[in-house]
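Note sheet for the following structure.
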Amino acid sequence: MRVVGRDFYRRDPRAVAPELLNKLLVRRGIGDADGPDAGDRVGRIVEVEAYCGGIDPGSHAFRGMTARNRTMFGPPGGLYVYFTYGMHWCANAVCGEEGEGVAVLLRALAPVAGLDAMRAVRPRARRDRDLCSGPAKLCQALGLGHAFDGADLVTGDRAVVVCDDGTPPPADPAQTTRIGLTNGTEHPWRWYVRGDPNVSTGGGRETLPPPPPPT
DNA sequence: ACCGGGATGTTCT
DNA sequence: GAACATCCCGGTG
C-alpha cells in the first residue's frame with residue numbers, strides 16, 4: 001500500500017477527482033495511545049467534488065486568496081481544511097500548480113479500519129454507514145480539524161495521507177452536479193462510486209442535474 | 001422514505 | 001449583517 005505521490009495532485013481537479021475514488025484516506029494513530037488515537041483510522045474515498053478556483057463561482061478561491069483559503073493556493077498534495085456553518089470542518093486535497101487555488105472536496109468515505117475509534121468520536125451515528133457519509137462527518141470521524149489545515153498528504157507531516165492499495169477507480173463512476181452550493185450549481189463536478197451506501201445523499205442515488213432556468 | 005427547521009460562529013460584504 | 005462546499009432531529013406518509 002503506497003502513499004500517492006505529489007504529481008498525482010498536480011493536475012486539473014476535474015481529472016484528479018474521479019481518480020481519487022477508491023483510494024484510501026488514512027489518519028495514522030499513535031501506537032501506544034488510548035482512545036481514538038490508538039490506531040489508524042482508514043476510509044475508502046467514495047464521493048468527491050472538484051472546485052476550480054478563478055473560473056468557478058462555487059469555489060472558495062473564486063475571488064482570490066484570503067486568510068481562510070490560503071492553503072488552497074499552496075502546493076498540490078496539501079490538505080485544505082475549512083470551518084463552516086459555525087460547527088463543521090471539511091477537507092480538500094489541493095490540486096493543480098501552486099498558486100492556482102483548485103482542490104477536490106472529500107465528501108464521503110466507506111469506513112475500512114478504526115471503526116471503534118470513529119464510533120467513539122461520533123456517538124450519534126447509529127449505523128456504520130453514518131460514520132463518514134458526508135464531508136463534515138468524515139472530518140469528525142478521522143479527527144480532522146483546524147490543526148490539519150495545511151498538512152501535507154504526500155509527506156504525512158501531520159499523520160494524514162492518501163494511499164493506493166491497488167484498487168482502481170471505478171470504470172464508470174456516477175457524475176452529477178455538486179451539492180449544497182448556491183453558485184456554480186450547473187457544473188457536473190461531483191463524482192461518486194455507484195451503489196456505495198456511504199455516499200452522502202442517502203443510499204447512493206443518482207442526483208440529476210437541475211432543470212434549465214426559466215427564460 | 002421524505003421534508004422542514006434549528007444549531008452555531010467564522011468569514012466576507 | 002448575510003451567507004455559509006452541513007448535520008441532526010422530529011414531524012408526516
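Proteins come first, then strands; the chains are lettered A, B, ... in the order of their sequence lines, and each starts at number 1. Every heavy atom of this structure was used, including side-chain atoms; hydrogens, water molecules and symmetry mates were not.
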Any side-chain heavy atom of A:Asn198 within less than 4.5 Å of one from A:Leu109?
no

Counting side-chain heavy atoms from CB outward, which of B:dT13, C:dC7, C:dA5 is closest to A:His88?
C:dC7

Rounded to the Å, how far apart are A:Met87 CE and C:dA3 P?
17 Å

Heavy atoms from C-beta onward define the side chain here; which of B:dT13, C:dT6, C:dC7 lies closest to that of A:Lys137?
C:dC7

For C:dA5 and A:Arg190 - does any side-chain N or O of the residue sit under 4.0 Å from the phosphate oxygens OP1/OP2?
no

Contact list for DNA chain C against residues 53-60 of chain A - heavy-atom distance below 4.0 Å
A:Gly58, A:His60

So, OP1 or OP2 of B:dT11: does either fall under 4.0 Å of a side-chain N or O from A:Thr66?
no

According to a strict under-4.0 Å criterion, is A:Arg124 in side-chain N/O contact with OP1 or OP2 of C:dC7?
no

Quick check on the 6.0 Å ring-centre criterion: do A:Tyr82 and A:His60 meet it?
yes

Walk me through it: do A:Asn22 and A:Val193 pass the test side chain to side chain contact (heavy atoms under 4.5 Å, CB included)?
CA-CA 8 Å; A:Asn22 281 341; A:Val193 177; 4.0 Å; yes

May I ask whether A:Val81 and A:Met118 are part of the same hydrophobic cluster, defined by side-chain heavy atoms of I, L, V, M, F, W, Y residues being less than 4.5 angstrom apart, directly or through others?
yes

Has A:Tyr85 got its ring stacked on C:dC4, by the test of a centre gap below 5.5 Å and a plane angle below 30°?
yes

Exactly one of A:Leu115, A:Val121, A:Val112 should register a side chain to side chain contact (heavy atoms under 4.5 Å, CB included) with A:Arg41. Which one does?
A:Val121

In whole angstroms, the gap separating P of B:dA7 from CH2 of A:Trp89 amounts to 22 Å

Could you state the CG-C1' distance from A:Asn183 to C:dA2, rounded to the nearest angstrom?
14 Å

Tell me the interatomic distance from A:Arg126, atom CZ, to B:dA1, atom P, rounded to whole angstroms.
12 Å

Could you report the tightest heavy-atom contact between A:Val94 and A:Ala103, atom names first, then the distance?
CA-CB, 4.0 Å

Find the distance A:Arg70:CZ to B:dC12:P and express it as a whole number of Å.
11 Å

Exercise: identify the closest heavy-atom pair between A:Arg68 and A:Phe83
NH2-O, 3.4 Å

Distance check needed: B:dC12 P versus A:Phe83 CZ, whole Å only.
14 Å

Please work out the stems of DNA chain B from pairs that are Watson-Crick or G-U wobble with both distances under 3.5 Å, keeping only runs of three or more consecutive pairs.
B:1-7 with C:6-12, B:9-12 with C:1-4

Could you tell me whether the phosphate oxygens of C:dC8, OP1 or OP2, come under 4.0 Å of any side-chain nitrogen or oxygen in A:Arg122?
yes

Grab the two heavy atoms, one from A:Ala141 and one from A:Cys132, that are nearest each other, plus how far apart they are.
CB-SG, 3.7 Å

Would you verify whether the NZ or CZ of A:Arg11 falls within 45 degrees of the ring axis of A:Phe8 while also being under 6.0 Å from that six-membered ring's centre?
yes

Please give, in whole Å, the distance from B:dC12 P to A:Phe62 CZ?
15 Å

In whole Å, I'd like the distance from the CD1 atom of A:Ile179 to the P atom of C:dA5.
13 Å

Cation-pi, A:Tyr80 ring and A:Arg70 (6.0 angstrom, 45 degrees)
no

Counting any heavy atom closer than 4.0 Å, what does A:Arg107 reach on the DNA or RNA strands: base, sugar-phosphate only, or nothing?
sugar-phosphate

